[in-house]
Engineer: 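One structure follows; several queries about it will come next.
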Amino acid sequence: MKPRMLKANTWWVGAIDWDRRLFDELIPLPDGTSYNAYLVQGTQKTVLIDTVDPTMTSPLIDNLVQLHIKDIDYVIINHVEQDHSGTLPEILKLYPNARVIATPNGKNLLMNLLLIPESKIKTVEHGETMSLGDKTLEFIHTPWVHWPDTMCTYLREDRTLFSCDFFGSHLAMSDLYVTDEATVYEAAKRYYAEIMMPFRKIIKSNLEKLKDLKINVIAPSHGPLYNKPEFILEAYRDWTYSPPKNTVVLPYISMHGSTKKMVEYFVNSLVERGITVKQFNLADTDIGKLAMALVDAASIVVGTPTILVGPHPNVVYAVYLTNALRPKLKFASIIGSYGWGGMMVRQITAMLSNLKVELLDPVVIKGYPKEDDFKALDKLADEILSKHKEHDLI
Ligand code: FEO
């Protein structure tokens with residue numbers, strides 16, 4: 001994709017990755033992604049804001065060549081993860097006079113992860129400004145979106161916020177700005193769920209730091225830019241501040257049908273009580289969809305058979321991720337079956353230690369469910385209903 005002008009002398013010079021299907025060898029990318037880098041030319045200085053993934057070195061350099069960029073004074077690294085900084089060594093070879101700007105944490109990571117010499121790096125404090133001549137940059141430290149090093153760079157005259165991962169979405173598309181809000185909302189929510197949700201409390205303080213800025217455009221480093229910033233700011237406020245919803249997330253797996261029968265019965269029981277259910281068969285599920293469902297849910301009920309005395313390994317994976325993502329969940333329970341005993345409940349419970357959830361009595365049965373087991377599932381559904389009502393979720 002060729003350079004694209006945001007404003008006079010401010011350019012998108014990044015790369016669209018239509019084909020990538022996995023990030024960090026973990027996160028599904030059903031819609032590809034982009035690595036947005038930006039070039040800002042002031043009357044006195046030229047800066048490159050972020051670079052691109054090392055696999056996309058050529059598109060970035062081609063864009064700089066097409067713009068006839070002979071000198072870069074500074075490369076601003078808002079975030080050191082390699083999808084944004086990985087091309088920095090190549091850029092510094094091409095532009096040997098360029099210095100690198102980062103937060104103090106960013107400097108440390110640049111030296112350790114990319115072996116950038118200390119003498120090349122200038123650190124900036126929160127609120128510090130830099131004049132490019134007719135343009136002014138302000139650096140806003142926004143840690144943990146998504147590493148401790150992260151900051152946003154605000155271009156005052158254009159009222160543009162370069163936010164790197166913050167507000168991003170893994171979405172490859174030809175449109176520079178958001179055109180289809182529903183598509184971008186889904187991708188941005190997936191991104192928030194997978195990348196940002198563990199840092200929800202810090203995100204609140206980062207949103208506070210931005211609230212007095214006049215922002216015309218939010219230019220993240222993944223996905224389309226927002227020329228109606230309130231769209232994504234409001235979404236972030238909802239995901240971080242709003243109470244959870246009257247929803248049960250139900251990830252499960254079944255080997256021989258007993259747990260599946262319990263899940264089918266239990267889902268109907270919850271729905272009859274007016275509770276929304278999001279059910280995921282972990283034999284073949286998009287873990288990003290599960291993460292998205294966790295953004296809003298008040299309860300999780302895990303369904304698993306017993307294998308080698310514990311939960312099914314796919315359930316272990318899903319529970320581990322849920323615990324790591326630290327969603328707003330308030331209640332948790334377990335349903336499932338065993339043949340001759342096991343420690344499945346104890347093991348799953350121990351894996352949920354990050355979550356401030358109340359554990360509701362599990363329903364774990366021997367073999368295929370029978371009449372009393374269905375009654376126990378109804379009782380669990382009643383208890384979830386009662387808890388959701390107590391918290392004004394219904
Ligand atoms: Fe897009 Fe945390 O890197």
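Heavy-atom basis, side chains included; hydrogens, waters and symmetry copies ignored. First listed ligand is number 1; within each ligand, the first listed atom is number 1. When a residue number appears, it is its place in the shown sequence, counting from 1.
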Engineer: Only one of K7, K214, K135 passes salt bridge (Lys or Arg N to Asp or Glu O under 4.0 Å) with D158; say which it is.
Structural biologist: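 Per the salt bridge (Lys or Arg N to Asp or Glu O under 4.0 Å) rule, the option paired with D158 is K135, out of K7, K214, K135.
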
Engineer: Strictly under 2.8 Å, is atom 2 (Fe) of ligand 1 approached by any N, O or S atom of C164?
Structural biologist: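 Here the distance criterion (N, O or S atom, under 2.8 Å) is not met by C164, so no.
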
Engineer: Would H146 and F166 count as a close aromatic pair, with their ring centres under 6.0 Å?
Structural biologist: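 For H146 and F166, the ring centres are not under 6.0 Å apart.
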
Engineer: What atom name does the N, O or S atom of D165 nearest to atom 2 (Fe) of ligand 1 carry?
Structural biologist: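 Closest N, O or S atom of D165 to atom 2 (Fe) of ligand 1: OD2.
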
Engineer: Applying salt bridge (Lys or Arg N to Asp or Glu O under 4.0 Å) between D382 and each of R273, K389, K375, K387, report the one that passes.
Structural biologist: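 It is R273, the one option of R273, K389, K375, K387 that forms the salt bridge (Lys or Arg N to Asp or Glu O under 4.0 Å) with D382.
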
Engineer: What angle, to the nearest 10°, do the atoms NE2 (H222) and NE2 (H84) form about atom 1 (Fe) of ligand 1?
Structural biologist: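 H222 NE2 and H84 NE2 form an angle of 90° at atom 1 (Fe) of ligand 1.
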
Engineer: If you consider just the N/O/S atoms, which atom of D83 is the closest one to atom 1 (Fe) of ligand 1?
Structural biologist: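 Minimum-distance N/O/S atom of D83 relative to atom 1 (Fe) of ligand 1 is OD2.
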
Engineer: Kindly report the OE1-atom 2 (Fe) of ligand 1-ND1 angle for E81 and H146 respectively, rounded to 10°.
Structural biologist: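 Vertex at atom 2 (Fe) of ligand 1: approximately 90°.
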
Engineer: Any side-chain donor paired with an acceptor under 3.5 Å for N281 and T285?
Structural biologist: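 Absent: no donor and acceptor within the cut-off.
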
Engineer: Any cation-pi pair here, K45 with Y74, using under 6.0 Å and within 45°?
Structural biologist: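 Geometry flag: not set, cation outside 6.0 Å or 45°.
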
